[in-house]
Amino acid sequence: MAQNQLKTQYTDLKRSFEAKPSDLKKCGSLLAKLKIGLIETGLLTPQGEHGVEDLVVARDILEIGAIWSIRTRDVPSFDRYFSQLQTFYTDYSSVLPPSKNEYPIRGLNLIRLLTQNRIADFHTTLESLPLPADAIADNQYISHPVNLEQWLMEGSYSKVWNARERAPVEEYKFFVDSLMGTIRNEIASCEEAAYESLPLKDALTLLFFNNQSELLIFAQQRGWQVDLSKSLITFATKGEEQVDIPKQKLISSALAYARELEQIV
């Protein structure tokens, strides 16, 4: 692909991406063509000397691809784009002008690691950021995932839930929602072990649902019995062996976290 054609398609990509709402289908089609163009021009994983303008265009394309991946809920695609961006964020950082999307994307990657319970990788990535430790609190894109990690370790799930509405960019909410899904299942397992039944309004509050319809869908997925006339949820009856399962799960989770901490230290 010639440089002129690449830049023309890049302009089309920016127009489609910045539209309100974004034309995600067209963006996907253009990104596929542009990645081929980047390969042909040696700009997908650049080495040696390249024009600054060409490098900026390549970086912009990959950044759009990373954000597009989150908007289309394609986490593996985000992983690939983020990996390809590392050359631009590290090897060419002294050559290229700063990108307004760099830290939002770095923050998205940190939250992704949290959703995958990769605590050691989270801290390693955080420590490798080109950002002084005392500047993290002032960077909203990095302080947000740092706070999330702290609240998760504390079990302050209400703070995680409230953080969704304070997300610095809309794409962060996708990963916070994923975290809340994991949290809800953990809370639900504890409720099943501790109670035979629970009022609907209490379950709604404990599980951080916005409305009863969301709770009813979740209850059906968990196999709970719901009596709307009594506004009551009854949990499935468990034998003694089944009741022990949440305990084993909690022990396994604690051991896994301890191993993660050892790796960090």
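As the structure is a prediction and not an experimental result, all values here were calculated from the model. Along the sequence shown, residues are numbered consecutively beginning with 1.
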Exercise for review: For Q116 and V75, run side-chain contact (heavy atoms from CB on, under 4.5 Å): C-alpha distance rounded to whole Å, both residues' side-chain angles, the deciding distance at 0.1 Å, then the answer.
Suggested key: CA-CA 11 Å; Q116 296 171 350; V75 177; 4.1 Å; yes
Practice item. Show your reasoning for whether side-chain contact (heavy atoms from CB on, under 4.5 Å) applies to E186 and I183. Key: CA-CA 5 Å; E186 289 295 327; I183 289 170; 5.7 Å; no
Check your understanding: Is K7 salt-bridged to E53, cutoff N-O under 4.0 Å?
Key -> yes
**Study point:** side chain to side chain donor-acceptor pair (under 3.5 Å) contacts in which one or both residues fall within residues 128-143, not counting sequence neighbours
**Key:** none
Point to revise | salt bridge (charged side-chain N to carboxylate O under 4.0 Å, His left out) partners for R15, two or more places apart | key: D12
Review point. Any side-chain heavy-atom pair from L215 and L200 closer than 4.5 angstrom?
Key: yes
Review point. What residue pairs, at least two apart or across chains, pass ring-ring contact (aromatic ring centres under 6.0 Å, His included) with a residue in residues 167-201?
Key: H144-Y172
Check your understanding: Nearest heavy-atom pair of P145 and G107: which atoms, and what distance?
Key -> CG-O, 3.9 Å
Exercise for review: Taking only Lys NZ, Arg NE, NH1 and NH2, and the carboxylate oxygens of Asp or Glu, determine whether D23 and K26 approach each other closer than 4.0 Å.
Suggested key: no
Check your understanding: Where the side chain of D54 meets the backbone of H50, is there a donor-acceptor pair that is under 3.5 Å apart?
Key -> no
Check your understanding: Is there a donor-acceptor contact under 3.5 Å linking the side chains of S69 and S77?
Key -> yes
**Study point:** Joint hydrophobic cluster, L131 plus I105, side-chain heavy atoms closer than 4.5 Å
**Key:** yes
**Study point:** Salt bridge flag under 4.0 Å for residues K14 and D60
**Key:** no
Review point. Heavy-atom distance under 4.5 Å between the side chains of I136 and L126, does that happen here?
Key: yes
Practice item. Sorted by first residue and then second, give each ring-ring contact (aromatic ring centres under 6.0 Å, His included) pair with at least one member in residues 55-76; sequence neighbours left out. Key: none
Practice item. Applying side chain to side chain contact (heavy atoms under 4.5 Å, CB included), name anything that partners S99, two or more places apart in sequence or on another chain. Key: R59, E63, N101, E102
Check your understanding: Does any N or O in the side chain of S22 come within less than 3.5 Å of the main-chain N or O of E18, such that one atom is a donor and the other an acceptor?
Key -> no
**Study point:** Atom pair OG/CZ of S178 and R112 - distance to nearest 0.5 Å
**Key:** 11.5 Å
Review point. Do you reckon L198 sits in the same ILVMFWY cluster as L232, going by side-chain contacts under 4.5 Å, direct or chained?
Key: no
Point to revise | Test log, rule side-chain contact (heavy atoms from CB on, under 4.5 Å), inputs E192 and W224 | key: CA-CA 9 Å; E192 291 169 345; W224 296 345; 2.6 Å; yes
Point to revise | Side-chain H-bond candidate by donor/acceptor type, R184 with S189, under 3.5 Å | key: no
**Study point:** Validation row: L31, Y81 side chains within 4.5 angstrom (heavy atoms)
**Key:** yes
Check your understanding: Near E196 CD, under 6.0 Å, is it more than 12 heavy atoms from other residues, nucleotides or ligands?
Key -> no
Exercise for review: Would you please classify the geometry between the Y92 ring and the F88 ring as parallel, tilted or perpendicular, with 30° and 60° separating the classes?
Suggested key: tilted
Point to revise | Q86 side chain to F82 backbone, donor-acceptor under 3.5 Å | key: yes
Review point. Can you tell if the side chain of S16 reaches within under 4.5 Å of the side chain of C27, non-hydrogen atoms only?
Key: yes
Revision key, fill the gap. Scanning both residues in full, the closest heavy-atom pair of A188 with L207 reads N-CD2, 4.1 Å
Review point. Okay, side chain of D74, backbone of I70: is any donor-acceptor separation there less than 3.5 Å?
Key: no
Point to revise | Joint cluster assignment, V52 & I61, ILVMFWY side-chain distance < 4.5 Å | key: yes
**Study point:** T87 vs P46 side-chain heavy atoms within contact, under 4.5 Å
**Key:** yes
Study note, to complete from the structure: All heavy atoms of L44 vs all of K35, minimum pair found to be CD1-CE, 4.2 Å
Revision key, fill the gap. Residues L114 and L152: closest non-hydrogen pair is CD1-CD1, 4.4 Å
Check your understanding: With ring centroids as reference points, do F209 and F218 lie under 6.0 angstrom apart?
Key -> yes
Review point. Regarding N109 and R106, is there a side-chain donor-to-acceptor distance under 3.5 Å anywhere?
Key: no
Practice item. May I ask you to check whether Q84 and R80 show a side-chain donor-acceptor distance below 3.5 Å? Key: no
Check your understanding: Can you name the residues that form a salt bridge (charged side-chain N to carboxylate O under 4.0 Å, His left out) with E170, not counting sequence neighbours?
Key -> K173
Practice item. Please answer whether the main-chain N or O of N210 pairs with a side-chain N or O of E214 as donor and acceptor at a distance below 3.5 Å. Key: yes
Point to revise | Taking every non-hydrogen atom, the tightest pair across L38 and A58 | key: CD2-CB, 3.8 Å
**Study point:** Shortest non-hydrogen contact from P97 toward V56
**Key:** CD-CG2, 3.9 Å
Practice item. Kindly determine whether E171 and R71 satisfy side-chain contact (heavy atoms from CB on, under 4.5 Å), including the steps that lead there. Key: CA-CA 7 Å; E171 287 74 27; R71 291 183 181 179; 2.7 Å; yes
